[in-house]
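Just the heavy atoms: all of them, side chains too, but no hydrogens, waters or symmetry mates, feed the values below. Model, not experiment: these values are computed from the prediction.
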Amino acid sequence: MNRIARFPVMTAATLSLLVLMTGCQRLKARDQLNKGVQAYKSAKYEEAINHFQEAVNDDPTLPMARAYLATAYAQQVVPDLTTADNLKNAQLAIQNYQEVLSQDPKDVNSLKGIASIYYNTDKYQEAKEWQKKVLEVDPQDAEAAYTIGSIDWRLAYRNAVQALKNAGLQDDGQGNVKFPKKACQDLVAQNGPLVSEGLEFLHKAVEIRPSYDDAMAYLQLTYRRKADLECGNGPALKDDMAQVDQWREKAMATRKANEEKKDQQTQGITMQ
């Protein structure tokens, strides 16, 4: 009877010890998290990574620790740099963002974080796919729509410049009417989907945010790429260039209005 009676006591003691140890680990994790935040604010990103990693190790359930770790790795990623260390930081950032998403698939910051890393490492198709995931969670995210459209323009521009170079031409920005018919048709197959998607998402960005002057600027640029694809269709080319003029003027006027509004808000701030 005595031996049997001891088991509940021992179990309770063990549980108490585990609770105490867990509490200590959580305190250590929060301390590491705070130290990581301070290091991050001081732009000491490697130090911040070490603290955030310790926080995750001490308490994997601690809110924000994994997200902060991912963000610190992402901050280390240098755009367009393809060194092994840079790509390693990019992959570690993505892995940690995905850990966050495994717990909360609708965490917009993590979705945007992954999209940004793919963009900065020239993986544009993946960047667009993750920005579309952002829009699935938040259909009113103007920046996600804008980013998709700007990527489409970037890719279409590259294709157009190369195709023109192959034909011995330079981009005239007016539809390139001297472009050989066969080369133009080939460019239609290459750039048609990019231009259509780009216009769709840039218009969406402006619809969501009517004062989005950057999206307007890219609309005029994308209509220039649409003009390349008319292949001798004069009326269609004329319509495209009219859109170019319209969106260029609208972008300039909106940017001016935005700057004036910003100046007024700045002047309205008084020192206490």
Side-chain angles (χ1 to χ4, degrees), residues 77-83 86-87 115-129 131-132 142-207 211-256 258-259:
V77 177
V78 180
D80 304 320
L81 185 64
T82 58
T83 64
N86 199 54
L87 295 178
S116 178
I117 292 167
Y118 279 131
Y119 183 89
N120 287 333
T121 53
D122 293 341
K123 295 182 179 180
Y124 294 123
Q125 188 58 43
E126 290 89 343
K128 288 199 298 179
E129 289 172 0
Q131 291 291 5
K132 289 176 182 178
E143 289 184 3
Y146 161 78
T147 302
I148 294 168
S150 66
I151 290 173
D152 283 327
W153 172 83
R154 180 187 289 254
L155 296 175
Y157 178 75
R158 286 183 181 179
N159 294 339
V161 169
Q162 186 59 55
L164 288 164
K165 182 180 179 180
N166 293 342
L169 300 170
Q170 291 184 337
D171 182 20
D172 63 13
Q174 302 294 316
N176 297 296
V177 294
K178 295 181 180 180
F179 205 23
K181 188 83 174 233
K182 176 62 170 61
C184 183
Q185 291 171 342
D186 290 341
L187 187 60
V188 170
Q190 194 175 20
N191 272 2
L194 292 171
V195 169
S196 295
E197 182 182 68
L199 290 174
E200 174 190 351
F201 280 95
L202 289 168
H203 277 293
K204 180 178 180 66
V206 174
E207 179 183 342
S211 62
Y212 209 156
D213 54 277
D214 283 341
M216 295 173 190
Y218 269 95
L219 273 167
Q220 68 95 4
L221 290 171
T222 306
Y223 273 111
R224 289 188 191 277
R225 300 281 64 93
K226 184 175 184 297
D228 295 338
L229 310 181
E230 303 304 353
C231 302
N233 185 336
L237 174 59
K238 184 178 179 180
D239 288 344
D240 292 336
M241 295 312 298
Q243 290 286 345
V244 169
D245 293 338
Q246 174 185 326
W247 285 107
R248 182 182 63 246
E249 292 173 5
K250 192 165 185 177
M252 292 173 61
T254 304
R255 182 169 290 118
K256 181 180 179 181
N258 287 341
E259 290 173 354

So which atom in Glu230 and which in Ala236 form the shortest heavy-atom distance, rounded to 0.1 Å?
OE1-CB, 3.4 Å
Please report the closest heavy-atom contact between Gly175 and Leu237, naming both atoms and the distance.
CA-CD1, 3.8 Å
Compare every heavy atom of Pro180 with every heavy atom of Ala167, then report the nearest pair and how far apart it is.
CB-CD, 4.0 Å
Just so I know, are the side chains of Phe179 and Leu169 near enough to count as touching, which here means a heavy-atom distance under 4.5 Å?
yes
Smallest separation among heavy atoms of Ala217 and Arg255, with atom names:
CB-NH2, 4.2 Å
Leu187 vs Gln190, test: side chain to side chain contact (heavy atoms under 4.5 Å, CB included). Steps then yes/no.
CA-CA 5 Å; Leu187 187 60; Gln190 194 175 20; 3.9 Å; yes
Donor-acceptor pair, distance only, cut-off 3.5 Å: does the side chain of Ser150 make one with the backbone of Thr147?
yes
Between the CD atom in Glu129 and the CD1 atom in Ile148, the distance rounded to the nearest 0.5 Å is 10.0 Å
Note: Thr82 and Leu87 closest approach over all heavy atoms is O-CD1, 3.7 Å
State, yes or no, whether a side-chain contact exists between Lys132 and Phe201 at a heavy-atom distance under 4.5 Å.
yes
For Pro235 and Asn233, work out which heavy atoms get closest and say how close.
CD-OD1, 3.2 Å
Is the closest side-chain donor-acceptor distance between Asn120 and Tyr118 under 3.5 Å?
no
Are the side chains of Val195 and Asp228 in contact, using a 4.5 Å heavy-atom criterion?
no
Side chains of Arg154 and Arg158, heavy atoms from C-beta outward: is any pair under 4.5 Å?
yes
For the NZ atom of Lys128 and the CG atom of Asp152, what is their distance to the nearest 0.5 Å?
3.5 Å
Backbone N/O of Leu164 and side chain of Asp171: donor-acceptor pair under 3.5 Å:
no
dist Glu197:CD -> Leu199:CG (nearest 0.5 Å) comes out at 10.5 Å
Min side-chain heavy-atom separation Arg248-Leu221 under 4.5 Å:
no
Any side-chain to backbone donor/acceptor pair from Asn86 onto Leu81? Under 3.5 Å, distance only.
yes
Would you call Thr121 and Val77 a side-chain contact if the rule is heavy atoms closer than 4.5 Å?
yes
How about Lys226 and Tyr223: do any of their side-chain heavy atoms sit closer than 4.5 Å?
yes
CD/Glu126 to CD1/Ile151 distance, rounded to the nearest 0.5 angstrom?
10.0 Å
Using the rule side chain to side chain contact (heavy atoms under 4.5 Å, CB included), only one of Arg224, Arg225, Gln162 pairs with Tyr157; which is it?
Arg225
Interatomic spacing from NZ in Lys256 to CG in Asn258 - rounded to 0.5 Å:
12.5 Å
Got a second to check how far Gln220's CD is from Leu202's CG, nearest 0.5 Å?
11.0 Å
